[in-house]
Amino acid sequence: MVALPRFVTAGSGALLPVLFLSACASVEEFPRPSYPAVDVAATAETAPVGSANADAADDPAIWRNAANPAASLIVGTDKKVGLYVYGLDGKVRDFVAAGALNNVDLREVRPGFVLVAASDRTDVAEPKITLFRLDGVTGKLTSLGVRSFLGAGHAPAEAYGFCMGKALAVGELARAYVVLKDGTVAESALEEVGGMITARHLRSIRFRTQSEGCVVDDRTGLLYVAEEDVGIWRVDLRAAVLQAEAFAMVGAEKGLAADVEGLALAPEGRDGGMLVASSQGDNAYALFDLTTAQPRGRFRIVAGQFGATSDTDGIELMLGDFGPAFPTGLFVAQDGDNAPRAQNFKMVPWQAVLDNLKP
C-alpha cells in the first residue's frame with residue numbers, strides 16, 4: 001500500500017516534511033476517496049498467520065475438492081515465512097516454512113496432481129518461483145524446489161505478484177506469470193524435465209509503475225494485471241507481441257481507489273462473467289463485466305460474526321459447490337487488520353455477494 005503525502009504545519013505557517021514533526025505540530029492528510037458499496041459479512045475465517053504485528057498474510061488460492069466439496073482447501077501466504085493450507089473451517093491443515101513467498105496460485109495440471117506455485121522474494125535481487133504439490137486428501141504440501149527463471153546477467157529484480165494460466169504448448173504443465181516489483185510481468189513455461197519441474201522464461205511486458213495482482217482467463221487467453229496506482233490492464237496472451245490495453249482505471253468512473261491489489265474471476269459461458277478487484281484504498285471490492293469492462297457493483301466485507309476486512313491485498317474466487325456453507329461459490333479475501341490477532345483470510349459465500357448486489 002502506498003502512503004499518501006504528509007506535511008506538518010509549523011508555527012510560521014510553512015509546510016515542512018513530516019520528518020520534522022514536533023510535539024506542537026499538527027498532521028494534515030489528504031482524504032482517500034470512498035465510493036458506495038453494499039455490505040456483506042464473512043461467514044468464516046482462517047486462523048491467523050504466524051507472523052504477529054506485521055503485514056504478513058497476503059494472497060490466497062483455492063482448491064476445490066470435486067469428490068467432497070466441503071473438504072476443499074485454501075492455500076495462503078505468510079509473506080514473512082512461508083505457506084499455509086487451511087480447511088473451509090479455517091483450521092490449519094499444514095504449514096511449510098519456505099521464506100518470503102508473496103503471491104500464490106494453484107492448478108490441477110493432471111488428474112490428482114495439484115501444482116502450487118508462489119512468487120519467492122527471499123532474494124530481492126533474484127526473482128524465483130517456489131513449487132509444491134498439494135495432497136488434496138491430507139492437505140499436506142510437498143516441496144518441489146525453487147526455480148530461477150530469468151536469464152543470466154539480468155538486472156536485479158524482486159518477485160512480487162504471481163498467477164498461472166493453462167499450458168499453451170506441448171510439454172508444458174502451465175504458464176507462470178511473475179509480476180516483478182518494477183512493473184515487469186515475466187511469462188515462463190513450467191515444464192517437467194527429468195522428473196523435476198523447470199521454469200523457462202519466454203517473454204515479458206512492463207508497466208510503468210509498481211504492479212502486483214494478476215489473473216489469467218484461460219477461456220479467452222487474456223491476462224489481467226493491476227498497476228497499483230493506475231488501474232487494471234488486460235493483455236492478449238495469444239498475440240505474438242504482448243501489449244497492454246486499459247481495462248479499468250483508478251477513479252470515480254470505475255469505482256477503484258488506489259491501491260488496486262488482488263484480482264479474481266467469476267467466469268460465465270464462453271467469454272462472459274466478471275472480474276473482481278481489491279479496491280484497497282477504500283476497503284472494498286469492485287466488479288467489472290469481462291466483455292465490456294463496465295462496473296457491475298461494489299461490496300465491502302463488514303463486521304458480523306467475524307470481523308470486517310480492510311487494506312486487502314490478495315483475493316480469490318471460485319464458482320461451484322463448496323458444500324452447505326458455500327453452495328454456489330467461495331470468495332476469500334486477505335484481511336490487513338485482524339487486531340488484536342495477526343492478519344488472516346476471511347471467507348464469504350459468493351451467493352451472498354450476488355444477492356446483496358441485486359437492485
Side-chain angles (χ1 to χ4, degrees), residues 1 42 45-51 54-63 72-86 90 92-107 114-122 127-132 134 141 158-165 174 176-181 185 210-216 223-228 232 259-265 275-280 283 285 301 309-318 330-338 342-348:
M1 183 172 63
E45 66 178 352
T46 68
V49 297
S51 297
D55 180 20
D58 198 90
D59 192 45
I62 300 170
W63 175 72
S72 298
L73 300 169
I74 297 168
V75 177
T77 57
D78 178 332
K79 61 188 175 186
K80 305 296 184 183
V81 293
L83 199 60
Y84 283 89
V85 180
Y86 304 97
V92 175
R93 298 290 192 269
D94 197 17
F95 169 74
V96 176
L101 304 185
N102 204 59
N103 283 189
V104 65
D105 202 358
L106 61 81
R107 60 177 44 225
V114 182
L115 177 65
V116 178
S119 54
D120 189 331
R121 59 192 296 197
T122 304
K128 297 177 182 178
I129 301 170
T130 295
L131 303 164
F132 304 90
L134 174 64
L141 292 165
E158 181 179 351
Y160 205 46
F162 185 81
C163 56
M164 285 195 287
Y177 300 87
V178 179
V179 185
L180 306 180
K181 205 165 187 179
V185 181
Q210 183 171 301
S211 306
E212 183 178 6
C214 67
V215 68
V216 177
L223 166 69
Y224 296 85
V225 179
E227 188 176 3
E228 294 184 355
I232 304 167
D259 292 358
V260 185
E261 293 283 345
L263 303 177
L265 295 172
L275 176 77
V276 187
S278 170
S279 177
Q280 190 185 69
N283 300 322
Y285 310 93
I301 300 176
T309 60
S310 60
D311 295 325
T312 292
D313 287 318
I315 61 174
E316 183 61 293
L317 168 62
M318 183 171 287
L330 171 63
F331 179 77
V332 181
Q334 180 260 5
D335 183 8
D337 184 1
N338 189 43
Q343 296 177 343
N344 71 347
F345 301 92
K346 300 293 196 289
M347 292 177 255
V348 175

What pair of heavy atoms forms the shortest contact from [X] to [Y], and how long is it?
X: P60; Y: E316; result: O-CB, 3.6 Å
X: L263; Y: A226; result: CD1-N, 3.8 Å
X: A56; Y: V49; result: CB-CG2, 4.0 Å
X: T312; Y: S278; result: O-OG, 2.8 Å
X: A47; Y: V92; result: CB-CG2, 4.1 Å
X: D55; Y: K80; result: O-CE, 3.3 Å

Does the side chain of [Y] come within less than 4.5 Å of [X]'s, by heavy atoms?
X: Q210; Y: Y160; value: yes
X: I74; Y: L330; value: yes
X: D335; Y: I301; value: no
X: V178; Y: K128; value: no
X: Y177; Y: V225; value: no
X: C163; Y: L223; value: yes

Side chain to side chain contact (heavy atoms under 4.5 Å, CB included) with [X]: which residues, sequence neighbours excluded?
X: E45; answer: F306, N338, R341, N344, K346
X: V96; answer: D94, A98, F132, L141
X: A176; answer: I129, F162, L190

Euclidean distance, [Y] [atom2] relative to [X] [atom1], rounded to 0.5 Å:
X: D58; Y: D313; atom1: CG; atom2: CG; result: 4.5 Å
X: I62; Y: I315; atom1: CD1; atom2: CD1; result: 10.0 Å
X: N283; Y: S310; atom1: CG; atom2: OG; result: 5.0 Å
X: L180; Y: E158; atom1: CG; atom2: CD; result: 9.0 Å
X: R121; Y: K181; atom1: CZ; atom2: NZ; result: 4.5 Å
X: Y86; Y: M347; atom1: OH; atom2: CE; result: 9.0 Å

Is a donor on one side and an acceptor on the other found under 3.5 Å between the side chain of [X] and the backbone of [Y]?
X: D105; Y: M164; answer: yes
X: D259; Y: E261; answer: no
X: S119; Y: N103; answer: yes
X: Q280; Y: D311; answer: yes

What class does the angle between the rings of F95 and Y84 fall in, given that below 30° is parallel, 30 to 60° is tilted and above 60° is perpendicular?
->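 Tilted.
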> Are D59 and N102 linked by a side-chain donor-acceptor pair shorter than 3.5 Å?
Replying inline: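 Looking only at side-chain atoms, N102 and D59 do not form any donor-acceptor pair under 3.5 Å.
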Task: Short side-chain donor-acceptor distance under 3.5 Å, S51 and D78 - done: yes
V116 vs V85, side-chain contact (heavy atoms from CB on, under 4.5 Å): CA-CA, chis, key distance, verdict: CA-CA 11 Å; V116 178; V85 180; over 6 Å; no
